[in-house]
Each structure stands twice: as C-alpha cells, then as structure tokens.
Amino acid sequence: MDKNVKTSIDARKNAITSTYALERELKTKFDNLFKKIEDLGRTAKDSADFEAKFASSPLNQEYLDLFTEIATKNTATGLKGVTNASGKSMGEMVAKGVMDQAGSRIKQAVMPTRAQINQAAYDKARDIPGVGDAMAVKQHVDFFSRFKKQKDE
C-alpha cells in the first residue's frame, strides 16, 4: 500500500481513537470497517486515487455513520474524561455539533432563505413582458442617479 494512502487511513483512525473510548461492540465495528478501508487502500495507486475512490465508495458513508454513532454513545460517558471549562464532555459537544450540522443541512434543503425567496420573485417578475423592461429601466435610473450624486459631492 502506498505510504500516503496509509497515512490518510491512519489519520481517519486517529480521529476516532485519539478522542473516543470504544466499547467492545464499537471496537468490532471499527476494526471491520477499517479492514475494508485498508482493502480499498491497497487497490489505489496513490493518495489522490484513494481519496477519489473512498469519496465515491459506500465506505465513506459507513465511516461517517460510525463516527456519529461513536460520538453519540460517548456523549453519555464523556470522551475519556475530557471536559471543557463549562464541564460539558467533549462527547456532548461533538454530538451536539454533529446534530446541529445535520439540522442545518436539512433546514437549508427544505426551507429557503428570505434572500432565495426574494430572488425567485425578482427573477419571475423580470420574465413578465413590460415588467422586466420597467425593472431594467429603474435599475439604470438608480445607478445613474447614484453616479450623479457622487459626482455632485
């Protein structure tokens, strides 16, 4: 296996093992997943090839799912006893971060922002004959009036 591929795989392992305590059940899942990832790594010619293969592989999602599961389970037990200044365990903070990110992605996918709604309305209005032309004329008038105002000052 290419040494850079091994480094990449080891970095993924360390992201979990250096931070989280693994129970027997999770350790078994962890070992099985990383055996598959290492098998994929052996098929890659270099790290770029590995990263491309890993990104498009179901192993990527398995890794993210396992990471989330470990972080969530460590919420109750803490991360090897590490806490922040407010006394929250690192597990709690990581799990909260994962859940917040998931919520944000869902919110962005489902609920458009006010700017997106305004832009969509503006785009539809510009497509209406006459209205779009009037909007364009107004933009030009606004631009030139600001330009003239700056020139007068």
Side-chain angles (χ1 to χ4, degrees), residues 1-129 131-136 138-139 142-143 146:
M1 178 185 316
D2 180 80
K3 72 175 187 164
N4 292 325
V5 171
K6 179 154 179 36
T7 301
S8 179
I9 293 170
D10 288 344
R12 285 181 172 85
K13 281 183 180 179
N14 289 336
I16 294 174
T17 59
S18 67
T19 310
Y20 299 103
L22 297 176
E23 301 169 359
R24 181 178 297 160
E25 175 191 332
L26 292 175
K27 177 75 169 128
T28 302
K29 282 184 176 182
F30 175 86
D31 291 340
N32 290 337
L33 175 61
F34 275 94
K35 183 184 178 320
K36 292 181 211 173
I37 293 173
E38 287 170 356
D39 290 343
L40 178 67
R42 286 185 196 88
T43 68
K45 62 182 177 191
D46 57 25
S47 61
D49 185 40
F50 169 73
E51 293 299 336
K53 285 181 178 182
F54 185 74
S56 63
S57 165
L59 294 175
N60 188 15
Q61 188 60 48
E62 282 184 53
Y63 173 75
L64 295 173
D65 292 343
L66 179 63
F67 204 112
T68 303
E69 181 180 1
I70 291 169
T72 304
K73 286 194 176 182
N74 273 266
T75 299
T77 60
L79 261 52
K80 296 183 180 176
V82 177
T83 60
N84 70 359
S86 66
K88 286 189 176 183
S89 75
M90 294 296 286
E92 288 177 286
M93 292 184 292
V94 170
K96 183 181 181 328
V98 168
M99 297 310 289
D100 288 349
Q101 284 183 345
S104 293
R105 283 190 213 120
I106 290 168
K107 184 178 174 183
Q108 288 172 351
V110 175
M111 298 173 58
T113 64
R114 179 174 288 162
Q116 290 169 322
I117 293 169
N118 290 343
Q119 186 64 49
Y122 180 80
D123 292 343
K124 293 253 187 237
R126 286 189 64 94
D127 291 340
I128 299 171
V131 173
D133 295 334
M135 291 170 73
K138 181 176 181 331
Q139 277 184 323
D142 288 347
F143 173 78
R146 275 183 273 161

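- Residues meeting the side chain to side chain contact (heavy atoms under 4.5 Å, CB included) test with R12, sequence neighbours left out: S8, F34, F50, E51, F54, Y63.
- For K35, the salt bridge (Lys or Arg N to Asp or Glu O under 4.0 Å) partners two or more places apart in sequence, or in a different chain, are D39.
- Considering only residues two or more places apart in sequence or on other chains, D10 meets the side chain to side chain donor-acceptor pair (under 3.5 Å) condition with K6.
- Between L33 and L59, some side-chain heavy-atom pair lies under the 4.5 Å cut-off.
- Taken to the nearest 0.5 Å, the NZ atom of K27 stands 10.5 Å off from the CG atom of N32.
- Closest approach of L66 to F30, counting heavy atoms only: CD2-CA, 3.6 Å.
- Here D2 pairs with nothing under the salt bridge (Lys or Arg N to Asp or Glu O under 4.0 Å) rule; sequence neighbours left out.
- N14 pairs by the side chain to side chain donor-acceptor pair (under 3.5 Å) definition with nothing, not counting sequence neighbours.
- Every side chain to side chain donor-acceptor pair (under 3.5 Å) that D65 has, sequence neighbours left out, goes to Q61.
- Interatomic distance, K13 NZ to D31 CG, rounded to the nearest 0.5 Å: 8.0 Å.
- The two atoms that bring N4 and S47 nearest to each other are CB-CB, 3.8 Å, heavy atoms only.
- When all heavy atoms are compared, the tightest approach of A44 to D49 is CA-OD2, 3.2 Å.
- The two residues E38 and M1 have their closest heavy-atom pair at O-CE, 3.6 Å.
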